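I have placed the structure first, in the form of C-alpha cells, so that the comments after it can refer back to it.
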2 protein chains.
Amino acid sequence: MSSTHLSIGDLSRATGTKVETIRFYEKNGLLPQPGRTEGNYRAYEPAHLNRLSFIRRARDLGFSLDQVRALLTLSDDRSQSCAAVDVIARAHRDEVERKIKDLQSLKVVLDQVIESCHCNIVADCAIIESLAPTPEAS
Amino acid sequence: MSSTHLSIGDLSRATGTKVETIRFYEKNGLLPQPGRTEGNYRAYEPAHLNRLSFIRRARDLGFSLDQVRALLTLSDDRSQSCAAVDVIARAHRDEVERKIKDLQSLKVVLDQVIESCHCNIVADCAIIESLAPTPEAS
DNA sequence: GCTTGACCCTATAGCGACTATAGGGTGTAT
DNA sequence: ATACACCCTATAGTCGCTATAGGGTCAAGC
Ligand SMILES: [Zn+2]
Ligand SMILES: [Zn+2]
Ligand SMILES: [Zn+2]
Ligand SMILES: [Zn+2]
C-alpha cells in the first residue's frame with residue numbers, strides 16, 4: 001500500500017500499451033493479477049511494469065503469446081540453462097526467415113502479373129486472366 | 001439437373017479447398033449459392049468450379065477476401081476499364097513489399113539477439129537481457 | 001454540495017480467414 | 001441390414017487484440 005503503486009493508465013503510458021490490452025494480458029496469464037485499491041482499481045508494483053515491458057519487447061520482436069509466456073517462465077527461473085531460450089528464439093527466427101522467402105517469391109509473381117497488364121478493359125486484363133482458370137483448355 | 005453437377009466434395013478435391021471453407025465462402029458471398037439435390041446436397045455447375053478456382057488463386061497470391069470479392073465483381077463486368085484491377089493488385093504488392101521490409105529488419109535484430117547468447121544459464125542470457133527492461137538504470 | 005470530466009471496472013462481441021465440433025441425414029455397396 | 005463415406009446446419013474456437021455497453025471512482029472547480 002505504498003505510494004509506488006501504478007494505475008493501469010500509468011502502465012499504459014509507460015509502455016505504449018492500450019489499457020484493454022493490459023487487461024487482456026492479465027486475463028490470459030501473461031501479467032499476474034495486481035492488488036486492488038479500495039475503489040477496486042488495479043494497483044501495480046514496479047515489477048509489473050518490468051514484466052509488461054518484457055512482454056511488449058518480445059511482442060515487438062514477433063514472438064507469439066505462447067512463446068512470450070515460455071520466455072517469461074524461463075526468465076523467472078534464472079538458474080536454468082538458457083538452451084530452451086535459444087530454441088524458442090531460433091524457432092522464431094526460422095519462421096521469420098521462411099515468411100520472408102514466401103513473401104519474396106509471392107512478390108515475384110505479383111510483379112509479373114502487374115507488369116503483364118497493358119490492357120484497357122477487364123475482358124483483356126492479364127491480371128484477371130492470371131487468376132481465372134485456364135480459359136481454353138477444358 | 002444435368003449429369004455435369006458437382007458435389008461439394010468434388011469441388012474440394014478439384015481445388016484443394018476444405019469443404020468447410022467452401023461453405024464459408026458461400027456464407028460470405030464469394031461463391032453463389034448452388035442448386036440442391038433432392039437430398040439437399042449442394043449441386044454445383046462448372047461455373048462454380050471456375051469461380052472457386054479464381055478465389056483460391058487470388059488467396060494464394062495473398063489477396064484478402066475483400067479484395068477477392070472486388071476482383072470477382074470486376075471480372076464479371078468484362079467491358080469495364082481494368083484500372084480498378086490494377087489499383088487492387090498494386091496496393092497488395094505494396095503491402096507485400098512493406099511486410100518483407102518489416103520482416104527483414106526484424107530478422108536483423110533477431111540475428112543479433114541470438115548471436116549474442118554465449119551463456120549457459122538464464123541469469124546471464126543475452127537473449128533474455130535484450131527483452132528485459134534496462135536492468136541498471138532506474 | 002454538486003457537477004464535470006478523466007479515469008477505472010466487468011462482460012461481451014467483433015475482426016479475418018478459416019477450422020473444428022456436435023448432432024444429425026443421405027446414398028451406396030455388401 | 002448395416003457399414004461407411006459423404007453431406008447437412010449451427011455453433012464455437014483459433015490469435016491478438018480492439019471496441020462497445022453500461023456502469024463505478026475520484027479529484028477539481030463553482
Ligand atoms: Zn503493493
Ligand atoms: Zn489489366
Ligand atoms: Zn444445373
Ligand atoms: Zn542465453
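Chain letters run A, B, ... following the sequence lines, proteins first and then strands; every chain starts at 1. Predicted, not measured: the structure shown is a model, and the values here were computed from it.
- Although no hydrogens or angles enter the test, the distance criterion places a donor-acceptor pair under 3.5 Å between the side chain of A/Gln67 and the main chain of A/Ser64.
- In this structure, B/Phe63 places its CZ atom 18 Å from P of C/dG16, rounding to the nearest Å.
- Counting heavy atoms from C-beta on, the side chains of A/Arg56 and A/Thr21 come closer than 4.5 Å.
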Give me, pair by pair, the N or O atoms of the protein and of nucleotides 27-30 of chain C that are less than 3.5 Å apart, along with how far apart they are.
none

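- Residues satisfying the side-chain contact (heavy atoms from CB on, under 4.5 Å) test with A/Asp60, not counting sequence neighbours, are none.
- Using a 4.5 Å heavy-atom threshold, the side chains of A/Ile22 and A/Ser12 count as touching.
- The nucleotide range of DNA chain D contacted by chain B, defined by atoms under 4.0 angstrom from heavy atoms of the protein and reported 5' to 3', is D/dC6 to D/dT11.
- With sequence neighbours excluded, no residue satisfies side-chain hydrogen bond (donor to acceptor under 3.5 Å, both in side chains) with B/Tyr41.
- B/Thr15 pairs by the side-chain hydrogen bond (donor to acceptor under 3.5 Å, both in side chains) definition with B/Thr17, not counting sequence neighbours.
- Sequence neighbours left out, the pairs with a member in residues 110-128 of chain B that pass salt bridge (Lys or Arg N to Asp or Glu O under 4.0 Å) are A/Arg93-B/Asp111, B/Lys107-B/Asp111.
- For A/His92 (side chain) and A/Leu61 (main-chain N/O), a donor-acceptor pair under 3.5 Å exists by modelled atom type.
- With a 4.5 Å cut-off on side-chain heavy atoms, A/Phe54 and B/Ile128 count as touching.
- For residues 66-76 of chain A, every residue pair satisfying the salt bridge (Lys or Arg N to Asp or Glu O under 4.0 Å) rule, not counting sequence neighbours, is listed here: A/Arg51-A/Asp76, A/Asp66-A/Arg69.
- An end-to-end axis angle of 30° holds for the helix from C/dG1-D/dC30 to C/dT30-D/dA1, taken from five base pairs per end and rounded to 10°.
- The side chain of A/Ser7 places an N or O atom within less than 4.0 Å of a non-bridging phosphate oxygen (OP1 or OP2) of C/dC8.
- For A/Glu26, the side-chain hydrogen bond (donor to acceptor under 3.5 Å, both in side chains) partners at least two apart in sequence or on another chain are A/Arg42.
- Near DNA chain C, meaning a heavy atom under 4.0 Å away, the residues from residues 13-27 of chain A are A/Arg23, A/Lys27.
- The side-chain hydrogen bond (donor to acceptor under 3.5 Å, both in side chains) test applied to A/Asp10 returns A/Ser7, A/Arg13, not counting sequence neighbours.
- Taking the salt bridge (charged side-chain N to carboxylate O under 4.0 Å, His left out) definition, one finds that B/Lys99 meets it with B/Glu95, sequence neighbours left out.
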